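Only one structure is covered here, and it is reproduced in the block below.
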Amino acid sequence: MIDFTEQIPPAFTKYVLYFQFIPSLLKSLAAFTILSTGFLLVLLLTALFGRIYCSTICPLGFLQDIINYITKKIKKRKRRFEYLKEQKILRWSFLAFCVVLFLFGFAIGINLLDPYSIYGRIAGNIFRPTVIGLNNFISSILTNFKIYSLYPYEIKSFNLIPFLITISFLILIAYLSVKKGRLYCNTVCPVGTLLGYISKYSFFKIIIKDEECLSCGLCERDCKANCIDSDSKIVDMSRCVMCFDCISLCPTNGITFDYKKSIKTPEPELVEVDESKRNFLISTGVYLTSLSTILAQVKKQIVVTKPSTVPIFRKYAISPPGSQSIKRFNSICTACHLCVSSCPTQVLQPSFLEYGFTGMLQPRLNNKSGYCNFDCNICSEVCPTGAILPIDIEKKKLTQLGVAKFIKENCIVYTQRTECGACSEHCPTKAVHMIPFENNLVIPEVREEYCIGCGACEYACPVKPYKAIYVEGNPIHKTAKKNIEEEKPQQKVDYKEEFPF
Amino acid sequence: MKRREFIKKGLQAGTIIGASLSFPGFVSNYIFKENYSLSGNYDLVAIKGGEPDKMFDEGIKSLGGMKAFVKKNQTVVIKPNIGWDANPERAANTNPKLVARVIEHCYEAGAKKVYVFDHTCDDWKRCYSNSGIEKAVKDAGGEIVPGNSESYYQDVEIKKGVKLKRDKVHELILDCDVFINIPILKHHGSTRLTISMKNLMGTVWDRGYWHRTDLHQCIADFSTFRKPDLNIVDAYYVMKKNGPRGVSLADVVIMKSQIISTDIVAADVAATKLFGMNPDDIQYISLAHKLGVGTKNLESLRINRIIL
Ligand code: SF4
Ligand code: SF4
């Protein structure tokens with residue numbers, strides 16, 4: 001996510017994300033593979049030990065722990081929690097909301113509430129730019145000394161609405177976790193609810209032992225899941241996130257992690273906070289730096305010789321290669337933005353209403369910020385939910401995401417009668433080629449059957465404010481024709497021949 | 001080279017030759033090398049029939065060796081064409097072997113530091129690595145520098161520009177002692193051919209501006225700004241159609257040629273002829289000639305032609 005230098009190979013994320021519940025579940029529904037069985041293991045784990053997922057695997061849970069740790073350090077006093085009644089109806093309705101929408105083919109519910117996706121968005125839209133900002137700041141200093149080993153990274157597009165949505169989620173979750181512990185996990189999170197009810201029947205449980213308990217209430221006050229009722233000596237397992245804080249806190253051995261009566265030593269706490277805390281602090285500290293780079297980008301305007309006149313109205317957004325169709329994509333993608341962060345050309349950007357309301361935040365190809373690299377299928381490799389299915393590179397090169405449309409009235413060759421051809425230069429399939437126009441000039445022509453909709457032409461087109469060539473998305477991806485007419489080999493040359501000058 | 005000069009120089013060396021300049025093959029080649037490789041007073045040298053690095057070794061002698069361009073402790077900037085995410089055989093980017101060899105020559109001549117960069121069209125990290133140039137540069141001891149961040153580009157005035165009056169140019173170009181341009185000769189959809197002058201487009205930030213403001217004139221204008229000290233046109237693999245990106249290997253012919261010159265216009269004229277086109281069909285060549293960047297009349301130059 002944060003690795004903008006592309007040091008980590010994309011395939012690596014497969015293993016890291018193996019255990020992410022929702023992505024893995026969705027991927028299995030989309031295309032079952034061994035690599036997508038993580039959710040089964042999570043279910044098994046939960047049936048055995050309870051919601052271990054929530055304390056050690058879920059990145060959003062981890063993030064909340066970090067936030068809590070920091071506030072604890074800053075405030076220098078113990079947080080006080082207390083037992084809260086379970087909001088059963090609320091819990092089930094959030095879960096139902098996601099499931100029902102999903103069954104009707106909308107991923108928006110999961111999209112908004114799945115903890116992994118929320119975390120993904122926070123990392124991709126907030127932490128990543130922050131780290132980039134820091135990097136850019138340092139590299140600009142180094143460049144003054146002619147050291148080029150660290151290079152600035154240009155953020156090519158800033159999506160205000162997705163950013164705002166993400167940051168409000170971050171604020172909400174941070175607030176809840178500081179004030180109310182794991183309230184998000186225990187009331188809103190659909191994964192939490194599902195795993196919680198499995199947890200209720202898990203093999204090992206947190207148990208208060210009557211004979212050793214002093215009823216001091218320490219455990220209750222420190223339970224971030226608000227699930228220990230020390231008066232009646234009950235632990236609500238459906239909400240316990242298995243942090244084991246209570247066990248280490250108990251002055252006697254009054255509370256244990258146990259299978260019936262046999263007493264076992266509690267597992268050590270697995271959350272390791274120190275380093276992450278530091279990273280987080282640095283991140284927030286330099287946040288302003290990155291913001292100013294973004295603002296500088298927004299401000300930049302270049303004067304145009306002759307403005308173009310015909311506006312562009314795109315009917316369909318362009319979905320990434322491997323997503324097969326917009327409908328399919330919209331129904332699976334949870335907008336975790338992993339592909340957005342991994343896309344080397346930054347063409348993948350979170351959408352706002354381009355796919356309609358129910359597709360909000362899901363990534364689409366934005367040809368203003370880049371174009372889909374011909375020899376790349378990284379998004380399909382990293383996508384954890386199968387919304388973007390793995391696609392073979394040769395197949396991807398013929399997958400038509402959309403079709404380029406040429407607007408002659410906007411084209412420089414037509415309006416200014418000077419040479420340009422930037423679109424054809426960039427076109428990897430030569431679907432746009434240059435044909436004779438007046439006085440020795442050449443003008444673009446699109447051969448739609450060869451076009452794969454990568455958007456290189458649109459990106460390269462220098463006309464402002466409207467481009468003279470743009471890609472209209474295909475709601476269902478098609479297959480482009482291979483440009484065989486270009487495959488005739490050239491004649492051999494004789495190296496011993498005299499020079500023609 | 002003219003026939004008269006040829007005979008004169010031949011006489012100096014104490015050899016009387018009746019052969020004409022157009023005498024092909026081994027003999028004329030042999031004589032040229034014998035007589036002039038030491039003096040190095042050619043304006044342009046064209047080489048054929050060898051590997052990119054070998055051809056450069058031979059060619060640069062005719063211009064007095066790299067020592068004539070790079071002095072001790074100078075910094076050198078090399079600008080190859082690394083525009084596209086394609087392997088060397090596709091001929092979309094300059095041959096990595098040639099780039100490496102030029103760097104080695106620079107260091108032999110005493111260069112302090114050799115930088116290499118391009119403002120690429122495709123994603124720069126992929127271009128740098130898949131073109132093979134990143135590795136070649138590192139192995140040869142040079143430093144490969146990114147060119148895809150606006151912060152590296154500085155505002156300059158182009159005094160002699162007709163339409164292009166200002167531009168943002170990579171700081172290394174402004175800061176170096178020696179500037180070596182290593183374009184690849186290839187077909188180009190709109191300007192017809194991309195060679196030395198067009199290659200300079202990769203040293204500025206906003207290429208779109210050139211495209212919308214009379215591309216040919218901008219190319220010519222910019223060559224008045226900082227003329228490269230040396231232009232080495234790589235024509236080993238040559239993309240004959242579908243340029244500048246190319247679609248497949250079928251676009252490429254193996255020409256095993258190279259042109260080296262201090263005159264950027266002349267280098268482009270010679271390369272155009274080598275490609276099999278008429279220099280007058282490429283507007284920016286005539287425009288640059290008019291601006292006095294160099295000459296398009298090859299007859300006025302001393303040319304060495306080497307066939308290996
Ligand atoms: S295949 Fe295209 S959209 Fe996907 S990561 Fe690569 S460049 Fe980005
Ligand atoms: S015409 Fe445009 S969108 Fe289509 S393949 Fe070429 S560059 Fe890509």
Side-chain angles (χ1 to χ4, degrees), chain A residues 5-6 136 139-140 143 146 148-149 151-154 300 302 304-306 344-346 370-371 373-376 412-413 416 418-422 424-430 432-434 440 442 444 456 460-464 483 486-493 495-501, chain B residues 22 24-25 46 48-49 85 115 121-123 125-126 130 143-146 148-152 171 175 188-191 206-217 240-245 247-257 269-270 273-274 276 281 283 298 303 305 307-308:
Chain A
T5 54
E6 291 159 36
N136 291 1
S139 81
S140 71
T143 309
K146 277 226 157 43
Y148 293 100
S149 44
Y151 51 83
Y153 182 95
E154 302 266 325
K300 192 184 69 194
I302 299 157
V304 204
T305 1
K306 223 176 203 177
T345 66
Q346 300 186 43
Y371 56 91
N373 189 304
F374 195 52
D375 286 279
C376 171
I412 283 162
V413 186
Q416 282 171 212
T418 56
E419 213 89 75
C420 173
S424 164
E425 253 181 56
H426 280 69
C427 180
T429 62
K430 282 291 166 286
V432 191
H433 66 160
M434 305 300 285
N440 275 331
V442 281
C461 177
V463 214
K464 298 192 168 192
N483 199 346
E486 307 293 358
E487 307 252 301
K488 278 176 279 157
Q490 297 288 314
Q491 277 176 342
K492 289 239 159 55
V493 273
Y495 322 127
K496 300 289 173 204
E497 202 181 282
E498 259 308 297
F499 285 97
F501 48 84
Chain B
S22 61
K48 248 188 194 185
D85 176 12
Y115 295 103
C121 298
D122 281 339
D123 175 47
K125 275 173 272 182
R126 292 179 153 251
N130 293 348
E143 180 160 350
I144 184 122
V145 175
N148 283 47
S149 167
E150 195 170 355
S151 60
Y152 292 142
E171 56 187 29
D175 224 18
H188 192 274
S190 47
T191 59
D206 188 4
R207 278 190 294 248
Y209 185 82
W210 294 29
H211 270 283
R212 53 177 177 260
T213 338
D214 194 345
L215 186 52
H216 283 289
Q217 188 64 55
K240 292 287 273 186
K241 59 181 169 60
N242 288 331
R245 191 187 194 282
V247 173
S248 67
L249 278 179
D251 302 327
V252 179
V253 289
I254 304 179
M255 280 175 82
K256 293 202 179 181
S257 308
V269 171
K273 290 189 168 166
L274 192 68
D281 290 340
Q283 259 187 56
L298 294 186
I303 301 179
R305 301 168 179 79
I307 299 181
L308 295 173

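Note that the structure is a prediction, hence the values are computed from the model and not measured. Values below: all heavy atoms of this structure, side chains included; hydrogens, waters and symmetry mates excluded. Numbered from 1 within each chain, the chains take letters A, B, ... in sequence-line order.
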With chain A, the option among B:Gln217, B:Gln283, B:His216 that has the most non-hydrogen atom pairs under 4.5 Å is B:His216

Applying a strict 4.5 Å limit to non-hydrogen atoms, the region of B:Glu171 in contact with chain A is side chain

Worksheet item: Do the non-hydrogen side-chain atoms of A:Lys464 and B:Arg212 ever get within less than 4.5 Å of each other?
Response: yes

If one checks every heavy atom of B:Asp175 against chain A at 4.5 Å, the contacting part turns out to be side chain

All heavy atoms of B:Lys48 vs all of A:Glu497, minimum pair found to be NZ-O, 2.8 Å

Separation between CZ (A:Phe374) and CG (B:Asp123), nearest 0.5 Å, reads 16.0 Å

In terms of heavy-atom pairs under 4.5 Å with chain A, the winner among B:Val145, B:Leu215, B:Asn130 is B:Val145

To the nearest 0.5 Å, atom SG of A:Cys420 lies from atom CH2 of B:Trp210 at 13.5 Å

Taking every heavy atom of A:Lys430 against every heavy atom of B:Gly243, the minimum-distance pair comes out as CE-O, 3.7 Å

Output for pair (A:Thr345 OG1, B:Asp122 CG), nearest 0.5 Å, gives 9.0 Å

Nearest heavy-atom contact between B:Ile307 and A:Glu498 is CD1-OE2, 3.7 Å

The interface call for B:Val252 against chain A, heavy-atom contacts under 4.5 Å, is backbone

Minimal heavy-atom distance between B:Gly208 and A:Pro462, with the atoms involved, is O-CB, 3.3 Å

Correct closest heavy-atom pair for B:Lys273 and A:Phe501 would be CD-CB, 3.7 Å

Heavy atoms of A:Pro344 and B:Arg126 approach each other most closely as CG-NE, 4.1 Å

Rounded to the nearest 0.5 Å, the CG atom of B:Asp214 sits from the CD atom of A:Gln416 at a distance of 8.5 Å

In this structure, CZ of B:Arg245 is separated from NE2 of A:His426 (nearest 0.5 Å) by 9.0 Å

Rounded to the nearest 0.5 angstrom, the OG-OH distance for B:Ser149 and A:Tyr148 is 11.0 Å

